[in-house]
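The structure presented is a predicted model; accordingly, all values stated were derived computationally and were not measured.
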Amino acid sequence: MSSVVSVFPNRKKKLHTTRSWDFMGFPQEVQRTTVESNIIVGVLDSGIWPESESFNDAGFGPPPIKWKGSCQVSSNFSCNNKIIGAKYYRSDGIFYQSDVKSPRDSNGHGTHTASTAAGGSVSMASLYGLAMGTARGGVPSARIAVYKVCWSDGCWDADILAAFDDAIADGVDIISISIGFPEPRDYFNDSIAIGAFHAIKYGILTSNSGGNEGPGLATISNISPWSLSVAASTIDRKFLTKVLLGNNKTYEGVSINTFDLQNVMYPLIYGGDAPNITGNFNSSYSRFCFLNSLDPALVKGKIVLCDALGSGREPFFAGAAGVVMQDEGAKDVAKSFPLPFSYLGTREGGNILSYMNSTSNATATIYKSNEENDTSAPRVVSFSSRGPNVFTPDVLKPDIAAPGVDILAAWSPLSPVSEVEGDDRMVPYNIISGTSMACPHATGVAAYVKSYHPTWSPAAIKSALMTTASPMSAGLDNDAEFAYGAGHINPVRAINPGLVYDAGPIDYIKFLCGQGYNRSALRMITGDNSICSDTINGTVWDLNYPSFSLSISHSEVISRVFNRVVTNVGSATSIYKSGVTAPPGLKIQVKPAILSFSSLGQNLSFSLTMEGTVDSSIVSASLAWDDGVHHVRSPIIVHVALKRKP
């Protein structure tokens, strides 16, 4: 039928958490506008727990006049003047036992992300005393519209697209979606990229999680240039958990352990010594504590030492009193398990095993976690997906980094702390990690910028976030801009960027045409009658993007020109001077080197030329425009092209 724009398989995506706002220099008493209460944040996720104190509507007036959405009220769900809309989507009509057939969140993820972006301030929030403080969102006065697209079996394309269309029609200002494929998809095959394109046509920015498939390169999944792709960074708080052995030696691991064993010493057993033989498992499996691999009769009431980080399900189901896991994996994120738990390195694990081999009565206890200061923050966490952008290497992704590690936020009491069935800890606030948690931080900041500049385009808001970001160090993150994009988000600076790199739907259409998309593929993305022509065609290097990326072949001599236009949103009369940092061998020239503005809203163009050679696979540089008040910084990255996976 002519009205059908495109058809593609209905594939499944995955869900990708209060110290964080203070860490970004964004205190509770930061200056705000009255417009904030008219900002509507649309959250596509697993639903919401409306009774959470984070969504209390005390002091809120009726929804903004522009709101055209609705609330799917049922016997167990209703909205208020904070959560002004809520809908659920299940195109195939199949619901499983743990699914709640309403916008209510039975997973916790959607409640967490919504409260991080726009939850109200709740004092004395904690997880059993851990991370005690005021939990709050980036825009606590904003309204929330909920679109439940995720269920116990994942989040499906058909539901995501339907939710995007409803959110747009309902009148949301920003869309937050902490969902993605494990691997990137071409733009016309990606429901989130398509939905986000529809959104920009109506002036709505989509904030995306980058994905949790790091630290490998080219793992970032949400890559469309018209949306904001967010990496996950650490904050200056970490959770450490001590293990005390019977020989009085103590080892400190990483976890979020709320259990208190009251200093009681428990027998220690090595997973490799407790195989479930009747289940046909031997020690080569049980040492890793794989599911069903342990003999409950041998591990019940004991602390088990496992040779790999797992989910904790097997020791828990086998009746263990606790678990210590050891391997060489990164220790930069703490996780909750359904039983007392600490995650150690192989050196510490080896010492524990030596102790166990030295005595027939090895014992240990695991203490409740402690909070400590993380002086290396912010840095991009290991699991955060990295660039480059697989389909368009010359568009830098991710765009920006935001807090996504050990985040305390609201939770659904239907979902246990560890999300493992049988864990009976049901809480109003939980600590979790993911780019899913970074995304709503960026969403909140985007909404904050929107409250100051209601008429700004999605690209202008995105530009403001990127060009005011705090630079991050390649010394801490070897993948440089492929880890953190423009840098660490800076909410206070973002409302006054000075200059913005603006773009609209036609610019992205020109970009897609320049990428070789034919008419049918183009229309799958745009959802309209767009065509490519001699005039509607543009190179990726001329897309008015706030960052610069160049993919080259090994030992290639570089010669490339980028064209950009900046719009003055700072001081009416201002003179900006360009400043470039570049490594030896790479010459970067900006023409003109000085931009003189005489009015607000004025556009001036410039070109950036790169020439020379590079001797590394990833080389970082930067361009900054400075008028003495504003510092408008763009990252520049030159990288040797990766071989495309078949």
Side-chain angles (χ1 to χ4, degrees), residues 10-17 40-52 54-55 63 67-80 82-119 137 143-172 174-180 191-192 195-196 199 204 206-209 409-415 419 430 432 434 436-437 439-440 443:
N10 182 23
R11 287 185 297 260
K12 182 171 68 174
K13 290 177 164 60
K14 297 195 299 185
L15 291 162
H16 279 174
T17 120
I40 304 167
V41 178
V43 182
L44 276 64
D45 211 299
S46 64
I48 199 163
W49 191 263
E51 293 83 9
S52 169
S54 291
F55 311 123
W67 174 244
K68 296 180 176 61
S70 60
C71 183
Q72 282 182 308
V73 178
S74 64
S75 59
N76 79 343
F77 188 93
S78 61
C79 296
N80 59 19
K82 176 66 174 178
I83 304 172
I84 59 174
K87 299 175 183 176
Y88 67 94
Y89 302 80
R90 186 73 198 201
S91 60
D92 63 9
I94 299 172
F95 297 92
Y96 296 92
Q97 186 176 353
S98 60
D99 291 330
V100 178
K101 196 175 175 182
S102 82
R104 183 172 293 283
D105 180 15
S106 60
N107 174 283
H109 192 276
T111 301
H112 203 281
T113 56
S115 67
T116 300
R143 318 301 180 114
I144 297 170
V146 176
Y147 303 86
K148 181 177 176 179
V149 296
C150 297
W151 304 85
S152 56
D153 65 340
C155 325
W156 294 88
D157 282 325
D159 301 325
I160 291 169
L161 279 171
F164 261 106
D165 285 346
D166 279 356
I168 293 164
D170 289 347
V172 305
I174 304 282
I175 290 174
S176 190
I177 179 164
S178 292
I179 300 168
S191 59
I192 297 175
I204 304 164
T206 299
S207 175
N208 288 165
S209 50
W411 194 248
S412 167
L414 293 181
S415 182
E419 300 178 63
N430 200 5
I432 60 173
S436 282
M437 285 65 252
C439 168
T443 304

Next on the checklist: Please enumerate all residues that pass salt bridge (charged side-chain N to carboxylate O under 4.0 Å, His left out) together with E51, with sequence neighbours excluded.
Outcome noted: R104

Checklist entry - Can you name the nearest heavy-atom pair linking G119 to F55, along with the distance? => result CA-CE2, 4.5 Å

Checklist outcome for this item: Taken to the nearest 0.5 Å, the spacing of S54 OG from K82 NZ works out to 9.0 Å

Checklist entry - What's the shortest heavy-atom distance between D159 and S91, and which atoms? => result OD1-N, 2.8 Å

Next on the checklist: Quick check: closest heavy atoms across A114 and I144, and the distance to 0.1 Å?
Outcome noted: O-CD1, 3.9 Å

Checklist outcome for this item: Value for OH (Y88) from CZ (F95), rounded to nearest 0.5 Å, stands at 5.5 Å

Item to check | Student check: side-chain heavy atoms of I160 and I177 closer than 4.5 Å | outcome: yes

Checklist entry - Under a 4.0 Å N-O cut-off, is there an ion pair linking D99 with K148? => result no

Next on the checklist: If you define the side chain from C-beta out and look only at heavy atoms, does anything of N76 sit under 4.5 Å from S102?
Outcome noted: yes

Next on the checklist: Can you tell me how far apart CZ (F164) and CD1 (I175) are? Round to the nearest 0.5 Å.
Outcome noted: 5.0 Å

Next on the checklist: Do I48 and V43 have side chains that approach each other closer than 4.5 Å (heavy atoms only, starting at C-beta)?
Outcome noted: no

Checklist outcome for this item: Note: A145 and W67 closest approach over all heavy atoms is CB-CH2, 3.5 Å

Item to check | Partner of D45 by side-chain contact (heavy atoms from CB on, under 4.5 Å), out of T113, D105, T111 | outcome: T113

Next on the checklist: Within the 3.5 Å criterion, strictly below it, is a donor on N107 or S415 matched to an acceptor on the partner's side chain?
Outcome noted: no

Item to check | 4.5 Å side-chain heavy-atom contact, I432 and W411 | outcome: yes

Checklist outcome for this item: Scanning both residues in full, the closest heavy-atom pair of S412 with S106 reads OG-CA, 3.9 Å

Next on the checklist: Would you say that C71 contacts F77 through its side chain, given a criterion of any heavy-atom pair below 4.5 Å between the two side chains?
Outcome noted: yes

Checklist entry - Looking at residues at least two apart in the chain, or sitting in another chain, which of them share a salt bridge (charged side-chain N to carboxylate O under 4.0 Å, His left out) with D166? => result K87

Next on the checklist: Nearest 0.5 Å, please: how far is CZ in R90 from CG in D153?
Outcome noted: 4.0 Å

Item to check | Approximate separation, where rounding is to 0.5 Å, of Y147 OH and Y89 OH | outcome: 6.0 Å

Item to check | Verdict with reasoning, W49 to L414, per side-chain contact (heavy atoms from CB on, under 4.5 Å) | outcome: CA-CA 9 Å; W49 191 263; L414 293 181; 3.6 Å; yes

Item to check | Minimal non-hydrogen separation, C79 against G85, with atom names | outcome: SG-C, 3.9 Å

Next on the checklist: Nearest 0.5 angstrom please: S209 OG to I192 CD1, how far?
Outcome noted: 7.0 Å

